[in-house]
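Remember, it's a predicted structure, so these values are computed and weren't measured experimentally. As the structure lists them, so they are numbered: ligands from 1, and atoms in each ligand from 1.
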Amino acid sequence: MELNNEVIINNLVKRFDEIVAVNEVSLEVPAGSIFGLLGPNGAGKSTTLRLLCTLLRPDSGTASVAGHDILEEPVNVRECTGVLPEEGSHTLYPSLTSYENLEYFAKLYDVPEEEAKKRIEDLLKFMDLWERRNDPAGELSTGNRQRLALCRALLHNPSVLLLDEPTSSLDPIAAKRVRELILKLAKQYGQTFFINSHNLAEVQRLCDYIAIIDEGKILLSGRTDELRRRLQSKQVFKLRVADNIETAKSIAEGLDFIFDVSIESDSLMLTILDPVSNNSVLIRKLLNANIAIIELAEEEMTLEDLYLQVIKEEEQ
Ligand SMILES: Nc1ncnc2c1ncn2[C@@H]1O[C@H](COP(=O)(O)OP(=O)(O)OP(=O)(O)O)[C@@H](O)[C@H]1O
Ligand SMILES: [Mg+2]
């Protein structure tokens with residue numbers, strides 16, 4: 001079966017004077033999937049998203065959203081996309097209530113009045129904001145405000161949602177809640193999500209597809225499960241020992257499946273190739289040398305580790 005791509009980007013370029021913010025980017029996002037564009041500050045995520053929602057014009061290249069070309073049919077593109085910009089909650093009117101904000105934006109989007117009423121109620125209930133409907137948006141917590149901004153993006157029933165760092169200003173609990181709601185939306189209504197993030201753990205939890213962008217260029221892209229498998233072939237572990245850390249270090253350094261051995265306070269940081277087969281070998285060697293192991297724990301990979309690994313792999 002051929003996949004129907006809801007977002008297609010072909011060699012998109014956007015320059016700001018001498019900065020090439022988006023440099024020959026090509027991507028495809030299958031309909032109904034959650035796609036994560038992952039990258040550090042200044043990588044070009046927001047610029048890519050602004051090009052897709054027709055707020056910016058590319059210098060060259062093309063893109064289409066839900067079958068509509070961003071240059072030829074910008075009005076159609078806007079009709080079928082819902083956008084949560086960076087600092088999305090700042091686009092709400094603080095003195096209007098949650099309900100009034102949505103009512104106002106529904107009018108802007110030309111949603112017929114009766115339909116708007118029903119949709120606003122459904123969305124506020126879906127996002128657990130119905131009880132807050134008469135509170136001024138400016139008095140909502142950051143998490144509630146972000147969920148209200150999501151309601152706003154969904155008002156005109158778009159088939160594609162473009163979300164720029166939807167959880168970056170939220171505490172871990174509020175962020176988790178937003179992620180759960182995105183997953184619930186995707187499951188219930190099957191929209192396509194294009195999500196910018198600089199949080200590797202977040203996109204791994206949320207997205208079916210991931211692309212990594214840095215300095216305007218896509219470093220790699222693919223299905224999350226494939227990417228994870230590829231990354232799991234080599235992993236960083238923390239080995240905590242009761243004493244004799246120097247002996248443990250020289251044992252680790254003598255093993256050909258261990259790289260980058262370093263000491264961090266009472267622990268050794270080890271990059272282990274194929275840990276599923278090799279960790280038991282390491283543990284056996286350490287026990288034979290009478291080293292008291294307190295723990296051998298997997299480190300959560302950070303975005304930085306991932307870049308380093310991808311860049312190293314490319315150099316090889
Ligand atoms: N309107 C603009 N004028 C000039 N330069 C810009 C403009 N918008 C973005 N840039 C530059 O383009 C590059 C990419 O910026 P962009 O905002 O797309 O990055 P980002 O990945 O969204 O970063 P962040 O994680 O900080 O939001 C940066 O070097 C930025 O300074
Ligand atoms: Mg940004």
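- Residue-to-ligand polar distances keep Arg50 apart from ligand 1: every N/O pair is separated by 3.5 Å or more.
- You'll find the side chain of Glu226 stays beyond 4.5 Å of the side chain of Ile210, heavy atoms only.
- Under a 4.0 angstrom heavy-atom cut-off, Lys14 registers as lying outside contact with ligand 1.
- Near Glu165, meaning under 4.0 Å from one of its heavy atoms, ligand 1 places the atoms 25 (O), 27 (O).
- In summary, the side chains of His156 and Glu79 do not present any donor paired with an acceptor at a separation below 3.5 Å, with no hydrogens or angles considered.
- To the nearest 0.5 Å, atoms CG (Leu268) and CD1 (Ile263) are separated by 5.5 Å.
- Thr167 and Glu202 form a side-chain donor-acceptor contact under 3.5 Å, judged by distance and modelled atom types alone.
- Protein heavy atoms are absent from the 4.0 Å sphere centred on atom 31 (O) of ligand 1.
- Ranking the protein heavy atoms by distance from atom 29 (O) of ligand 1 puts Ile19 CG2, 3.9 Å first.
- Heavy-atom separations between Pro40 and ligand 1 include at least one value shorter than 4.0 Å.
- In this structure, the side chains of Ser98 and Leu129 stay at 4.5 Å or more apart for every pair of heavy atoms.
- Nearest protein heavy-atom neighbour of atom 6 (C) of ligand 1: Phe16 CD1, 3.2 Å.
- At a 4.0 Å cut-off, not a single heavy atom of His198 sits close enough to ligand 1 to count as contact.
- For the pair Phe257/Val281, a side-chain contact is recorded, criterion being any heavy-atom separation below 4.5 Å from C-beta on.
- Closest protein heavy atom to atom 25 (O) of ligand 1: Lys45 NZ, 2.8 Å.
- Looking at every heavy atom in both residues, Ala137 comes nearest to Leu92 through CB-CB, 4.4 Å.
- For atom 19 (O) of ligand 1, the closest non-hydrogen atom on the protein side is Gly44 N, 3.2 Å.
- Of all the N, O or S atoms in Glu86, the one closest to the Mg ion (ligand 2) is OE2.
- Checking atom 14 (C) of ligand 1 against the protein gives a heavy-atom contact under 4.0 Å.
- Residue Ala21 has at least one heavy-atom neighbour below 4.0 Å for each of these atoms of ligand 1: 12 (O), 13 (C), 14 (C).
- The CD atom of Glu295 lies 7.0 Å from the OG atom of Ser267; values are rounded to the nearest 0.5 Å.
- Of the protein's non-hydrogen atoms, the one nearest atom 28 (C) of ligand 1 is Gly42 O, 3.8 Å.
- The closest side-chain heavy-atom distance from Arg132 to Leu148 is not below 4.5 Å.
- The Mg ion (ligand 2) lies under 2.8 Å from an N, O or S atom belonging to Ser46.
- Shortest contact from atom 18 (O) of ligand 1 to any protein heavy atom: Thr47 OG1, 2.5 Å.
- Considering only heavy atoms from C-beta on, Lys118 stays 4.5 Å or farther from Glu114 through its side chain.
- No hydrogens or angles considered: a donor-acceptor pair under 3.5 Å links the side chains of Thr54 and Arg78.
- Ligand 1 has a nitrogen or oxygen under 3.5 angstrom from a nitrogen or oxygen of Asn41.
- The side-chain heavy atoms of Thr81 and Leu52, taken from C-beta on, include no pair separated by under 4.5 Å.
- Of the protein's non-hydrogen atoms, Ser46 CB, 3.7 Å is the one closest to atom 17 (O) of ligand 1.
- Among protein heavy atoms, atom 27 (O) of ligand 1 sits closest to Glu86 OE2, 2.4 Å.
- Proximity of Gly39 to ligand 1 is not established, as no heavy-atom distance is less than 4.0 Å.
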